[in-house]
Amino acid sequence: MTSTARAYAAPSPTEPLISTTIERRDVGPRDVLIDIAYSGVCHSDIHTVRGEWGPIAYPQVVGHEIVGTVSEVGAEVTRYAPGDRVGVGCMVNSCRECVNCLAGMENYCLKGNTGTYASVDRDGTITQGGYSTHVVVDEDFVLRVPESIPYESAAPLLCAGITTYSPLAHWNARPGTKVAVVGMGGLGHMAVKIAHAMGAEVTVLSQSLSKKDDGLRFGADHYFATSDASTFETLANSFDLIINTVSAPIDLQQYLSLLSLDGTMVNVGAPAEPLPISVFALMGNRRSFAASGIGSIAETQEMLDFCAEHGIAPETELISADAINDAYERVLTSDVRYRFVIDAATI
Ligand code: NAP
Ligand code: ZN
Ligand code: ZN
């Protein structure tokens, strides 16, 4: 038996999202039923519904920054109870058997983790995401949202937060580390706040200086415009770590030249197009280029607790569900300050 949820879905790659209903699976023994309160809007949602990352099945509901309240639990659920404040991020299952899953890194499941949307679920149906009134998720993929993080603004931590926390932690951002964040949108503004909280010296590399005051308020020490060619001369050979959050292709050579000896540039931005690299840009200064994908469930909980401890919350603009198509246009013109969050009561 299934239950009906209201949702906003993309009918095709080219049409606006529309109000509709979808079926959620019945609450199984290890499942948690979550009444969604807020759902963040990630640029990945746009890449996905528009087919930029490859064909998907329609209609498709996206959204993988979900915060809500547990309303029912299955008979074997041990960690959650009705009334708990919880979150769901970018994945809802994994194979649980491969070497990466056994190492607690389900985000790198060798069989591919089950995405919160546009993935084949264990019952063969296509997963439908968070722009919806409720969702059923295996308790192993549910996070606990600390009380001290404001309910309305917690949702973006479930993707933008963990996707930036994970590489900052892995590449050891700490006092004395010089970190640059390229692009200050949803992911970028979280990267600034988290890197600052980790004690790093943080520089924002944005297309213009229009958001400089915000960047400094979020904890950046320096802020430069990449439209100004002198930026690349001024900052040559100066960063230990660059986190690239840009959703479009950029000239990697220019940015790699900003890394100091043994520095690493990590791409979290996921444009569909390949990004060409000259090996000579890496050879000088023995630089590395890497990419990072979301984070594990354990690391996501660690990130939520870190944000609670450091008083970090995303900057959000709350919208009603019928404003989603306008919000997409604003994300695409870098006019987001800094994450749209859908009030699920309006779905
Ligand atoms: P977003 O809010 O749109 O932020 C992207 C920022 O990149 C913009 O605010 C803008 O910052 C900059 N930018 C946009 N177009 C640009 C261009 N043509 N040239 C230079 N800079 C440009 O998007 P988001 O939600 O943070 O997501 C960013 C990317 O990360 C997307 O590709 C998304 O799919 C990907 N992502 C990856 C993962 C992962 O696991 N790796 C997880 C989540 C998202 P300024 O205005 O400051 O220049
Ligand atoms: Zn995302
Ligand atoms: Zn696996």
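The basis for the numbers below is simple: all heavy atoms, side chains too, and nothing from hydrogens, waters or symmetry mates. Read the numbers this way: they start at 1 and go in the same order the structure lists the ligands and their atoms.
When only non-hydrogen protein atoms are considered, atom 2 (O) of ligand 1 lies nearest to Gly186 N, 2.9 Å. When only non-hydrogen protein atoms are considered, atom 46 (O) of ligand 1 lies nearest to Lys211 NZ, 2.7 Å. In terms of protein heavy-atom proximity, atom 24 (P) of ligand 1 is nearest to His43 CB, 3.6 Å. Among all protein heavy atoms, the one lying closest to atom 28 (C) of ligand 1 is Thr245 O, 3.0 Å. In this structure, the protein non-hydrogen atom closest to atom 37 (C) of ligand 1 is Val268 O, 2.8 Å. Residue, atom and distance of the protein heavy atom nearest to atom 47 (O) of ligand 1 are Ser206 OG, 2.5 Å. Here the protein heavy atom with the shortest distance to atom 10 (C) of ligand 1 is Ser334 OG, 3.4 Å. Among all non-hydrogen protein atoms, the one lying nearest atom 26 (O) of ligand 1 is Leu187 N, 2.8 Å.
At a threshold of 2.8 Å, the Zn ion (ligand 2) has a backbone or side-chain N, O or S atom of His64 nearer than that distance. Counting backbone and side-chain atoms alike, Cys42 contributes an N/O/S atom closer than 2.8 Å to the Zn ion (ligand 2).
Note: Thr163 OG1 to Ile294 CD1 = 6.5 Å, rounded to the nearest 0.5 Å. With rounding to the nearest 0.5 Å, the separation of CG in Asp214 from OH in Tyr223 is 7.5 Å. One distance of note links CD of Gln301 with CD1 of Ile162; it measures 10.0 Å at 0.5 Å rounding.
Considering backbone and side-chain N/O of Gln207, one or more are found under 3.5 Å from N/O of ligand 1. For ligand 1, none of its N or O atoms has an N or O atom of Tyr223 under 3.5 Å away. Inclusion of Asn267 in the set of residues having an N or O under 3.5 Å from an N or O of ligand 1 is not warranted. Taking only nitrogen or oxygen atoms, main chain and side chain alike, Ile250 does not reach within less than 3.5 Å of ligand 1.
Ligand 1 has at least one atom lying under 4.0 Å from a heavy atom of Trp53. Using 4.0 Å as the threshold, Ala270 has a heavy atom nearer than that to some atom of ligand 1.
Using a 4.0 Å cut-off between charged side-chain N and carboxylate O, Asp140 and Arg30 make a salt bridge. Ion pairing of Arg79 with Asp84 is absent here, as no side-chain N (NZ or NE/NH1/NH2) approaches a carboxylate O to less than 4.0 Å. Ion pair Asp240/Lys178 not flagged as a salt bridge, since none of the NZ, NE, NH1 or NH2 atoms sits closer than 4.0 Å to an Asp/Glu carboxylate oxygen. Under a 4.0 Å N-O distance rule, the pair Glu317/Arg330 qualifies as a salt bridge. A salt bridge does not link Arg144 with Asp305: none of the charged nitrogens is closer than 4.0 Å to a carboxylate oxygen.
Between His64 and Tyr117, the ring planes lie parallel to each other; the angle is under 30°, not in the 30° to 60° tilted range.
Counting heavy atoms under 4.0 Å from ligand 1, residue Val246 touches it through both backbone and side chain.
Counting only protein N, O or S atoms closer than 2.8 Å to the Zn ion (ligand 3) gives 4.
Close approach of ligand 1 to Val336 (heavy-atom distance below 4.0 Å) involves ligand atoms 2 (O). Each of the atoms 39 (C), 40 (O) of ligand 1 lies under 4.0 Å from some heavy atom of Ile294. Residue contact check: Val331 has heavy atoms under 4.0 Å from atoms 3 (O) of ligand 1.
A side chain to side chain donor-acceptor pair (under 3.5 Å) with Arg25 is found for exactly one of Thr2, Asp121, Thr125, namely Asp121.
Taking both residues in full, the closest heavy atoms of Ala169 and Met198 are given as N-CE, 3.9 Å, listed atom of the first, atom of the second, then distance.
Neither side chain, Tyr108 nor Asn113, offers a donor N or O lying under 3.5 Å from an acceptor on the other. With hydrogens and angles left out, the side-chain atoms of Ser3 and His134 include a donor and acceptor closer than 3.5 Å.
For Glu106 (side chain) and Ile297 (main-chain N/O), a donor-acceptor pair under 3.5 Å exists by modelled atom type.
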